[in-house]
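Right, one structure below, let's go through it.
Each chain gets a letter, A, B and so on, in the order its sequence line appears, and its residues count up from 1. Keep in mind that what you see is a predicted model, and the values were worked out from it rather than measured.
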Amino acid sequence: MSLAAAGAAAIAAAVRRGEVTARAVAADALARIEKRDPGLNCFTAVLAERALMEADRVDRVIAGGGDPGPLAGVPFAVKNLFDVAGVVTLAGSIINRDHPPAARDAAAVRALTRAGAVLVGALNMDEYAFGFSTLNSHYGPTRNPHDPARIAGGSSGGSAAAVAAGLVPLALGSDTNGSIRVPAGFCGVFGLKPTYGRLSRAGVALFSPSLDHVGPFARSIHDLACAYDALQGHDADDPVSSALAPEPVSPQLAGGVDGLRLAVADGHFATAAEPDALAAVDDVARALGAGRRVSLPEVARVRAAASIITASEGANLHLADLRARPRDFDPRTRDRFLAGALLPASALVQAQRFRRWFRDRARDVFRHVDVLITPTLPFVAPLLEQEHTTIGGATIPVRPHIGVFTQPFSFVGLPALSAPVARSGRLPLGVQLVAAPHREADLFRVAATLERDGIVAAPVAASA
Amino acid sequence: MRPPRPDDPDALASFVDSSAALLGLRLDPEMRAGVIEQVALHARAMALLDGFPLPDDLEPGPVWEP
């Protein structure tokens, strides 16, 4: 078995059967990271000692005839805003270097560890998650494994790139306006932003709390499902954690799409993109037999409201540091945080009231649709320093446009999954599947069908 | 404090200076231009929302349920 190309499920099965030890798997991942990461810059910390110790624990459980868990020996890594016991939670900043090391692991890290997975390191991100590029001035840019001259996307860029490059089969990130789905799309891997409140954010450095989600990345829909299932469960330590019982999606992957009402998003979602990104949606819709088109209203105002909420809440969290040490912020985020601090209270309240209005419109749509199909991204990954691009003959700034299709759904907390469209020899593009609240299972059924039929796929990046 | 019109540079600069002072934020010269640029974007976003009347009984959910 090639461990670089092996998925989480295959590794766990081999470890559980005793065909390979968890230590050998961890050592292989660590060696791969040491060799390949310098060219990509996914990792900000490699936790070799911890990884080997945890792998040994998994091997001891197996040797003793016990159950090491469904993700036995699977290496994983986390965006560096997840607490890792004994490690300072950087959240992409140098300011946080002054914080004490985390006392315990974040809830999501504990959940994957309980399932037998082995944490190997922490991953690069935009400072305080405020960006779609992972162009981090303190720690350097994370490069796209499909073309290192291009961005990985962000803010969970290290997470997506590490999975795309085959450094780890699983990673965790966070998503406020698209920060899981955007890098998943640019790097050609699967990424899930679940329903708001579905997965615990306890022990995660927040960015904009009323919009923050966490979720997994993987190179197959089965692996993504295994991770999501291991992460589910109410957590009293997260004030927005859903009280709903976990609903495992792994047993539902073979359910197919029969009985699901599928539609393609029209209007904004069918215009603000390069032809390639729209063609990818058409290919997916054709494969699924999804001919219906539906529109969501007022998307420009949705984006305005989401940006106001994000900037206000984000600035509030960092106000003390903005006052005391503004020069220690990444110049790429500093002006936006400062401007967010200046937003009048009425703007934030109006944005939150508008959010309620749009939530009701989204509920109307999802009374008649089970899964909505949109592009994840308007274009392929831009070059590292690319400032502008052209869409429909108009020149637009690249970075503010990246989240045009992801932001409206995190705004109202809907579950959304980015699946990489199979485009051999071309740069990755994702399609975004969106469902009603708590209907993640529908997303997984659609994505599994597309993967089975070869319409979406996430091979290890050839140039990695 | 009423936000300024996004297309009025003097009003934007004045708003940034006075509201930053109110909050105790010190804007060094090399930051100020970037902050004004961002505030102009926010002012456009606010104008978009201002142009969309909402009923008085529409309140943000005290407990957010997607």
Side-chain angles (χ1 to χ4, degrees), chain A residues 195-198 210-211 239-240 242 298 300-308 311-312 315 319-320 322-324 326-327 329 331 334-357 359-360 362-363 400 409-415 436-438, chain B:
Chain A
T195 309
Y196 184 69
R198 193 43 147 151
S210 81
L211 294 165
V240 307
S242 167
E298 299 295 343
R301 287 188 167 94
V302 166
R303 298 193 61 228
S307 65
I308 286 170
S312 297
L319 190 56
L322 289 167
R323 282 188 179 119
R327 289 177 174 280
F329 281 77
R334 181 184 57 213
D335 296 351
R336 289 181 289 146
F337 276 123
L338 284 165
L342 308 184
L343 274 160
S346 63
L348 176 60
V349 175
Q350 189 71 6
Q352 290 285 20
R353 292 179 65 220
F354 179 79
R355 188 180 187 187
R356 175 79 179 274
W357 179 87
R359 182 205 67 172
D360 292 344
R363 284 183 171 184
F409 302 111
S410 30
F411 182 59
V412 286
L414 301 180
H438 306 294
Chain B
M1 200 179 311
R2 184 166 173 76
R5 287 175 41 178
D7 54 357
D8 183 339
D10 291 340
L12 282 168
S14 164
F15 171 82
V16 165
D17 291 339
S18 54
S19 52
L22 186 67
L23 282 165
L25 291 166
R26 189 186 68 252
L27 300 185
D28 292 346
E30 82 269 19
M31 301 175 195
R32 185 170 171 271
V35 174
I36 291 171
E37 195 178 308
Q38 291 300 316
V39 169
L41 293 176
H42 288 159
R44 285 191 197 99
M46 286 186 275
L48 266 180
L49 292 182
D50 275 353
F52 192 77
L54 293 169
D56 287 350
D57 61 356
L58 194 140
E59 58 175 317
V63 176
W64 179 254
E65 288 286 347

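The minimum heavy-atom distance between A:L338 and B:M31, with the atom names listed, is CD1-SD, 4.0 Å. Heavy atoms only, all atoms of each residue included: B:V39 and A:A339 are closest at CG2-CB, 3.8 Å. In terms of heavy-atom proximity, B:P66 sits nearest to A:L414 at O-CD2, 4.5 Å. Looking at every heavy atom in both residues, B:L49 comes nearest to A:R301 through CD2-O, 3.8 Å.
Looking only at side-chain heavy atoms (C-beta outward), A:L319 and B:L25 come within less than 4.5 Å of each other. At a threshold of 4.5 Å between non-hydrogen side-chain atoms, the residues B:L54 and A:Q350 count as touching. Taking the side chain as every heavy atom from C-beta outward, B:M46 and A:I308 approach each other to under 4.5 Å. Counting only heavy atoms from C-beta outward, the side chains of A:R327 and B:D28 approach each other to under 4.5 Å.
The closest donor-acceptor contact from the side chain of A:R323 to the backbone of B:L23 lies under 3.5 Å. At distances below 3.5 Å, not a single donor-acceptor pair connects side-chain atoms of B:R44 with backbone N or O atoms of A:A304.
Heavy atoms of A:L322 lying under 4.5 Å from chain B belong to its backbone as well as its side chain. With a 4.5 Å cut-off on non-hydrogen atoms, A:L343 touches chain B through its side chain but not through its backbone. With a 4.5 Å cut-off on non-hydrogen atoms, A:F337 does not touch chain B at all. Within the 4.5 angstrom heavy-atom criterion, no atom of B:I36 approaches chain A. Contacts between A:A351 and chain B at a heavy-atom distance below 4.5 Å involve backbone atoms as well as side-chain atoms. Using a 4.5 Å cut-off between heavy atoms, A:R303 makes no contact with chain B at all. With a 4.5 angstrom heavy-atom cutoff, A:R334 touches chain B only via side-chain atoms.
The ring pair (Phe, Tyr, Trp, His ring centres under 6.0 Å) pairs that include a residue from residues 19-61 of chain B are A:F354-B:F52, A:W357-B:F52, where partners are two or more places apart or lie in different chains.
Contact count against chain B (heavy-atom pairs under 4.5 Å) is highest for A:R353 among A:R363, A:R353, A:E298.
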